[in-house]
Participant: 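Got a structure for you, questions after.
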Amino acid sequence: MMTSLLGFLRFIFGALAIALAVLVTPIHAEPQVPPVNPQASAITEQSLLQQAPRIEGRIDIPNETASVLMQPDGRVWRYFHEVLLHWTGAILILGTIVLLAIAYFVVGRLRISAGRSGIKVLRFSAFERFSHWLTATCFVLLGLTGLNITFGKLLLLPLIGPEAFSTFSEGAKYVHNFVSFPFVLGLVLIITIWMKDNVLRKVDIVWLKEGGGFIPSKHPTAGRFNAGEKLVFWLALGAGVAVSVSGYLLLFPFYVTNIFGMQIAQGVHAVIAVLFIALIIGHIYIGTLGMEGAFEAMGTGSVDLNWAKEHHGLWLEEEIAKGRVSNLPASATPAE
Amino acid sequence: MARMKFLCDAERCIDCNACVTACKNENEVPWGINRRRVVTINDGKPGERSVSMACMHCTDPPCASVCPVSCFYVTLDHVVLHSKDLCIGCGYCFYACPFGAPQYPKVGNFGSRGKMDKCTYCAGGPEPDGSPEEFAKYGANRLAAGKLPLCAEMCSTKSLLAGDGEIIAEIYKDRVRKRGYGTGAWGWTTAYHEGIKV
Amino acid sequence: MAAFWGTNNADHQARICHSTTVAGVANTWGYGAMTNSYNDIRNAKTIMVMGGNPAEAHPVSLQHILEGKELNRANMIVIDPRMTRTAAHATEYVRVRPGTHIPTVYGMLWHIFKNGWEDKEFIHQRVYGMEDIRKEVEKWPPDEVERVTGLPEAQVKRIAEIFAKEKPSTLIWAMGQTQYTFGTANVRASCILLLATGNVGGFGSGANIFRGHDNVQGATDLGLDVTTLPLYYGLDENAWRHWCRVWEVDYDSMLSRFVDKTFMQTAGIPSTRWFDATLLPKDQVSQPDNMKAMFIMGHGGNTITRMPQAVKGIEALDLLVVCDPYPTTWAVLSERKNGTYLLPAGTSFEMNGTRTASNRSLQWGEQIVKPIFECKNDYDTMYLLARKLGFADQMFKNIKVENGSVSAEDILREINRGGWSTGYCGQSPERLKAHMRNQSKFDLVTLRAPKGDLEVGGDVYGLPWPCWGTPEFKHPGTPVLYNISLPVKEGGGTFRARFGVERDGVSLLSNGSYSRDSEIKDGYPEFTLSVLKRLGWDKDLTAQEMAVIQQVNPANPDAVSWQIDLSGGIQRVAIEHGCIPYGNGKARANAWNLPDPIPVHREVIFTSRPDLVAKYPTLPDARQFRVPNIGFTIQKAAVDKGVVKQFPLILTSGRLVEYEGGGEETRSNKWLAELKQFMFVEINPADAAERGIKESDWVWVTGPEGNAKAKMKALVTERMGKGVAWMPYHFAGWFEGVDQRSKYPKGADPIVLGESVNTLTTYGYDPFTGMQEPKATLCQIRAA
């Protein structure tokens, strides 16, 4: 703004000066060579900053990023990372924990209404459990080391000092980079083995409408996975793909994108990761504290018959029909 | 206390790369690391201008702000430096820097990044001034000897100015007044949130 | 050394650089060097750069050019086929077709003469032959200029007006004018433009000729040239006798080293034609035998055109000696295996001695690094060779050699004792060392030290030649040549009366113009003893000086001139009376001894405009410098065969700021090599699009001679106009697509290798100097 005002004033002044000179000069004088204006085609910084998100030019060294003279978007990205991400991340993650705490104290642990039967049903095979725990462990490692990048300097650095923190963070960086590979493997396995069981069906809509088991009076049934679990699956799939792709762009910088692409990749990675962490915190809650009899599904692989009847009745029916459940009590009939 | 800045007068820069070569030589900068570079805008067209760019030693350095391990520090002369011992090579400073100053050697996982290196205003690093360790990691420390960065000293046309901001702004203003034109102090509004009023 | 060996086949890098400048400019007004200085450009009001890219070739000179432009609000006009980094800072950029310098200048002069913008008084007083120029200029009205050069009338008129009116105006040039088959004519056209507008001999004006590398001016001055002995004395008997006197060697013994007297006085083979002298049948080479042995000291193998021929030439030599810090292209270009010697030379930092800068100043350089490994400096190498050849004690009679180490000071003193013609006589080692000690005392723009200073008072930095008289005379040097506003004693001067006293009834002496405080208020001829006697000034000579003069020519002492008077007395006396020893003459717009007395436009040999060849052909074939020059035949054949259809792009070449010369040294420097890692060709975006070439693609470039081809990367830029392509000439190590890195001695290969542009450049030689034509030939480019 300053420059264009100055330019405008200079133009007016110049025009007046020329006009004055023309009036004053005698008519018969030899026409002067016009005054030098070497900057007729000058480029001001302001004009270029307005033209493009980046000011790029030519440079002869074979370094793709070096030809960018200025990228003011860096300041936007800084604001995003240092302000928006910090606040959003903190609110989302802490908020999730708070909400879950409230849920625990208000609603409490969801009990098996009929009490344990003592009879076990196999829910997840060894391979399925392996896939899940592979992904889960990796996720926890990735999540913590990832959070360290954003929040470490606020929370951990003051506690252990710069040298120790840097050593830790450098190790954390390597953990994050290399654990990404088994994470992706786990993600692929999970997607492959559970895709078909996670297709949304009508019963899931009903489940959702009836409050998903959180309303004590309603007892909606579900297949192998209820709508909540299916939601987790699909969100995890989407988020997993997003963080993986963006993560690999970050791991191999400037192989595919330019600076702007890298900033986008980082932004996507960070935001999705934070949301993903919040989601998984919820998932962990419901799989452990939140519901009686849930953990053993992934822990030992087998669940209590009554738990199955209560929460995944349709699945239990199918399993009994396939003859996979032994020691059925004589009077046992599926609920509803 | 002086506030150290660079100013590249785009009306004088001829892309001779003397500044680049001086920096490379004085600081023994390895192949592939470009602490200083000259970029030519509108190459071959009217209004072609060349600008020499390195770290601008910003007043509010974005690199320092986004660093996950806070390895940056600002000296009394307002030179922005960092510690390679603390740096973890994450690359965030490059995303944040509007001028592309941070450079990374292609070492470390998949050759993507090693520890960040950048223009130090020829002021070394956290090691003791003029020590061999300082030179090995960060290059020369001319500032401690009362000298200005070598890039500006070597500039063929006195286009690249280095020194206290007030002094070089005055030199630049004087030049613009005498010659009647100037394309502005590149990067000053971005780096220092101020321009030069001529 | 070549003299002692008995050959005139000794040449230097300026052959391919400014040989045409030296010849053309000297034949115009006396000396062929930069008339002013880089620093003096700060005084100019109009700076015209025509045929040069100082931003890349002389970056520090841009400090002076741009400061001048800024402080004086000066015009900076750049005329170049390429929009270079220099053109980016111009107030007016003029895109011209390569090889059309003379039509451009005549186009400007057409407007200047038509409107009466010329400096009539200057022409009347100090220029001979301008009427002949006027007649020639009439043949160049605006539409003909536009037809040949591509420049519109309005632009030519504008720059002509600016150049003529906004004075002082200076003209800067380099290879863009010199490297053509008509290079000598080109530079003379530039001189004529300056003369017509009265822009010579003043501060801020003049011909500011930018020389190429450190001390090339010194090399040219000291006669490392096939056409002359040191200091431009030439090769006639008087020249030889003079130097024999200085070297204290018997003339007849010197004569006996040559085949015969004719050969002693015949110009040798220039560096641009060496392979022709080696390969052509003996009857086509005017010397007893082909050239069989070559000793190369610090010259790149890839800087001379027609490299495929050079490959054959290298293989045909009996003996090849390369004395250089690096093996260079010579060692790897061909398949030659035997009879090749690499002598390690030290760099200029490993030795003492003077260097002469473009502005004629001499600076004394000290050794700052001792020679590393087995390297020897050039003096010591030459001493050892002279010893082996048996004439060391003759050659080094007056030069001290201690433990194989030659005294650089003594060499300079010998130059002082013999360098009267060019004014290399006053710059003693003592005076020059004092200058280096007191560098800070000299003013940035005037180059003078304050009069009162004890050591260097009143001197001009580096005592730019001519620095008249003996060192004791303490002449301050000449910052601006031909400057009549100063007394000769303070560095003033006139145009040299070099060409005689009159011609066809017209006086060649100046007409009422003379330098300040001159006792002769008109033109006067060169000074000899007889001239002094006529003026009665011979009485001012001391007895000692008279004795020396008598000794120089006992038979006819009156004929002894200021050039061969070893006492310096004639010079001293002339200057004491305010006169300059070389006379006060007119500059010649018509130089009758040149192939083209008036510059005439001729198309380049491989021209992109065959339609113009009929009207503007090159000069007829002839034998020059002992070998045939068949440019005319080749040009005609190219037109008849329609070469331009197959090779439609004009190929021109030039410099990069990162590399220097042949490039072996600079491409071995890791800092510089990183900045330009590939050989490339600059091509206009439209031309590239037509050929399906994108930025950084590999391309094959082919040339019209001998199926020449080269592979490199493409740099697509609007710098180039449509139809013109440009390559840097610093690369070597690849030949016709083959990487030759494995042929270099281990560890001595430069970091960056690439194709040489001179693989593709073609036949074409200036008749007066043997200059080559790498600035305009034809090529075709296609994606690889």
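Given the structure is predicted, the values throughout are model-derived calculations rather than measurements. Chain letters run A, B, ... following the sequence lines, proteins first and then strands; every chain starts at 1.
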Participant: Rounded at 0.5 Å granularity, tell me how far CD1 in Ile61(A) sits from CD in Glu674(C).
Facilitator: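 So the CD1 of Ile61(A) and the CD of Glu674(C) are separated by 6.5 Å.
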Participant: In terms of heavy-atom contacts, does NZ of Lys114(C) have more than 12 from other residues, nucleotides or ligands at under 6.0 Å?
Facilitator: no
Participant: Taking all non-hydrogen atoms of both residues, which atom of Leu715(C) and which atom of Asp60(A) are closest, and how far apart?
Facilitator: CD1-OD1, 3.9 Å
Participant: Is the number of heavy atoms from other residues, nucleotides or ligands under 6.0 Å of Tyr79(A) OH greater than 12?
Facilitator: no
Participant: By number, which residues in residues 652-669 of chain C have some heavy atom less than 4.5 Å away from chain A?
Facilitator: none
Participant: Please say whether more than 12 non-hydrogen atoms of neighbouring residues, nucleotides or ligands are located less than 6.0 Å from NZ in Lys694(C).
Facilitator: no
Participant: Other residues, nucleotides and ligands only: do more than 12 of their heavy atoms fall within 6.0 Å of CZ on Phe260(A)?
Facilitator: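 No, the 6.0 Å shell around CZ holds no more than 12 heavy atoms from other groups.
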Participant: Hey, is NZ on Lys153(A) packed in by over 12 heavy atoms from elsewhere, all under 6.0 Å?
Facilitator: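 Atom NZ in Lys153(A) is packed in, count exceeds 12.
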Participant: Using heavy-atom distances under 4.5 Å, tell me whether Glu695(C) contacts chain A through its side chain, its backbone, both, or neither.
Facilitator: side chain
